[in-house]
Amino acid sequence: MIRSRRDTASSPSSPRPPLRLKYVEAVLCVCFALTFIVWTRLAVPGPLTRSADPRSPSDPLGLDALLPTPDTQPRSAAGQLAEAFATLTHPLIVLAVIAAWVVYAYTARMRRLSVSLAIAAAGIPTQFLIALHLARPAPGAAFADSIAAFTHAYPNAHVTAMTLASWVLVTLARAHHRSAMVATGTVLGYTAVAVTAVGQWYMGLATLSDLIGGFLLGAAFANLALWVGGIDAILTSWVNSRLSRASSEKRAAIIYNPTKFDDLSLLRRRVTAEVHATGWRPTVWLETTPDDPGRSMARRALDAGVDLVMVAGGDGTVRAVSSELAGTEMPMALIPAGTGNLLARNLSIPLDTDAAIRLALRGRLQSIDMVTCTFDDGEERFVVMAGMGLDAQIMESTDSGLKRVIRSGAYAVAAVQNAVPDPFTATITLDDAPPGRREMVMALMGNVGTITAGMTLFPRATPTDGMVDLLLASPGKVVDWARLGAQILTGQEMEGFTLTRARRVLIEADRPVPFELDGDTAGSTRTLRAEVDQGALHVVVPQ
């Protein structure tokens, strides 16, 4: 748990963290799966194998006799209504809906939720394979030609699909932190399961044992999805909400870039839910503007005396906020929402929004370096990378609209547009070493090693080593660009490129050259001086 500045004073030790129940989903998954296996062995002739005579299924338990198959007429009003409902809840339709939510959750940076939904969706084809293997026929023939009918009855496909669909409905309500919808969704969802079961029996497409088998399989996959995806189950959350009554005087501020989120109300609900679960006071919300990417907001957070500043935005927002927090004791936590998210990637901070929020409130603090850059028109800090020449031209040429569509691929398009760069000559001075002069198309400085798409540009760079890494590149032909690519992939210096590092770097160009800081173009300069501020920023990172 993060310790604030107030915690460092001599005060009574913090209360022990509230008890949390774990592995409820795993236990439920195993229980439902074992029950399904036992039920199948008892309800279907031949333990998990095909019957010798699939047209004459037995009923060892005698349960199906308790619920005999009715003689429903397909053309009756009740029969048509049952068939229409069965068609609307067809497993293939349910599968398509869940798959659409998988895509939505993934694009909304709810990666754990997308994994859970994908596992839930896998329960539907799994049911089909099990039914195909067991080959138990439907008990009635009146609706055998219906589009909603399946050749094999056990486990019932519709009940399995609707059990999963009901779980998805409730889980999505929880993921969006709409607590008022959870109870309603639970009632509606399992009412739909019951109606589906009754409809399947009424149409003569399933017996009682088929319906129970379908429910057990769906419940097993639902809890497997919760377990593997790391999403709190309804039971776990209900119990833990009553165990977790700890309160705290801590308070966080969140500085967010509204252009990076399609649904700001969703972000607010997600942050509010996690803050409430941790026992912190309500969060201070500070929105960036086109004219101010976060500097004044960071100062307002400092003035408010909060214990943590969360930054929800891209690399530009992170740089603006971290520049103001550098040199203070204020912890900063990242909620990645941009295209590159380079600092987050280099610090192993999850890109999943929910996971990043949980980490922000429960992670450990690490001091990292920042780099102060002095140029012709002023002074700025960067935390990831800065450069002169080609990389700045690429950043300037990158279309913002294209970035929203193909994300990091927009940089590749801009790179192609600048495939024939204009070289410049510069004098390079590293620390107290004698200056050297050379021609180049790009001078790139890094506080971290990994860039977009996970490529390592500076293999030795870490944000805690007190050094800034420097790449000087002067490719003039296609083969030179191939060497640069090989250098990035292998981390070994190639002919025509220089990899070095220092605490202070001075670049003096023969003419004004475009430059950038953490992906934001900053104009042109003839002189760029960089000096490391070691351990200037406190960032929340994984344990």
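Everything numeric here is computed off the predicted structure, so don't read it as measured data.
Ring pair Tyr256/Trp285 is perpendicular by interplanar angle, where above 60° counts as perpendicular and below 30° as parallel.
Taking the charged nitrogens against the carboxylate oxygens, Arg504 and Asp432 do have a contact shorter than 4.0 Å, which makes a salt bridge. Electrostatic pairing of Arg295 and Glu380 counts as a salt bridge here, judged by a charged N lying under 4.0 Å from a carboxylate O. With respect to the salt-bridge test (charged N to carboxylate O, under 4.0 angstrom), the residues Arg362 and Glu274 qualify.
For Phe382, there are no ring pair (Phe, Tyr, Trp, His ring centres under 6.0 Å) partners, not counting sequence neighbours.
Nearest heavy-atom pair across Val532 and Ala502 is CG2-O, 4.4 Å. In this structure, Leu308 and Pro331 approach most closely via the heavy-atom pair CD1-O, 3.7 Å. In terms of heavy-atom proximity, Val309 sits nearest to Met330 at CG2-CG, 3.7 Å. Scanning all heavy atoms of the two residues, the minimum distance from Ile98 to Ala121 falls at CG2-CB, 3.8 Å. Taking every heavy atom of both residues into account, Ala337 and Phe261 meet most closely at CB-CZ, 3.5 Å. In terms of heavy atoms, Ala120 sits closest to Ala225 at N-CB, 3.9 Å.
Residues Ile428 and Thr500 fail the side-chain proximity criterion, which asks for heavy atoms closer than 4.5 Å. Contact of the Thr527 side chain with the Phe375 side chain is not registered, since no non-hydrogen atoms from C-beta on lie closer than 4.5 Å. A heavy-atom distance below 4.5 Å is found between the side chains of Trp167 and Leu117. At least one side-chain heavy atom of Ser323 sits less than 4.5 Å from a side-chain heavy atom of Met370. At least one side-chain heavy atom of Arg503 sits under 4.5 Å from a side-chain heavy atom of Met467.
Listed by first then second residue, pairs satisfying salt bridge (charged side-chain N to carboxylate O under 4.0 Å, His left out) with a partner in residues 332-343 number zero, not counting sequence neighbours.
Checking side-chain atoms of Arg438 against main-chain N and O of Ala426 turns up no donor-acceptor pair under 3.5 Å. Judged by distance alone, the side chain of Arg281 and the main-chain N or O of Lys250 form no donor-acceptor pair under 3.5 Å. Not a single donor-acceptor pair under 3.5 Å links the side chain of Arg529 to the backbone N or O of Ile507. At least one donor-acceptor pair closer than 3.5 Å links the side chain of Asp518 to the backbone N or O of Met385. Using modelled atom types, one side-chain atom of Asp352 and one backbone atom of Ala355 make a donor-acceptor pair closer than 3.5 Å. The closest donor-acceptor contact from the side chain of Thr289 to the backbone of Asp292 lies under 3.5 Å. When atom types are taken as modelled, the side chain of Arg501 and the backbone of Arg460 share a donor-acceptor pair closer than 3.5 angstrom. Of the possible polar contacts, one joining the Thr525 side chain to the Asp376 backbone as a donor-acceptor pair under 3.5 Å is found.
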Between Phe458 and Leu471, does a side-chain contact (heavy atoms from CB on, under 4.5 Å) hold up when you go through it step by step? CA-CA 8 Å; Phe458 300 109; Leu471 169 67; 3.6 Å; yes

One pair to check against side-chain contact (heavy atoms from CB on, under 4.5 Å): Leu164 and Val94. What are the steps and the verdict? CA-CA 9 Å; Leu164 291 170; Val94 174; 5.6 Å; no

What's the verdict on side-chain contact (heavy atoms from CB on, under 4.5 Å) for Arg526 and Val513, showing C-alpha distance, side-chain angles and the deciding distance? CA-CA 6 Å; Arg526 293 187 62 173; Val513 178; over 6 Å; no

Kindly determine whether Asn257 and Thr259 satisfy side-chain hydrogen bond (donor to acceptor under 3.5 Å, both in side chains), including the steps that lead there. CA-CA 6 Å; Asn257 183 343; Thr259 66; 2.7 Å; yes

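When each of Ile349, Leu365, Leu347 is paired with Val540, the side chain to side chain contact (heavy atoms under 4.5 Å, CB included) condition holds for Leu365 and for no other.
Defined by atom type and a distance below 3.5 Å, a donor-acceptor pair is present between the side-chain atoms of Thr427 and Arg437.
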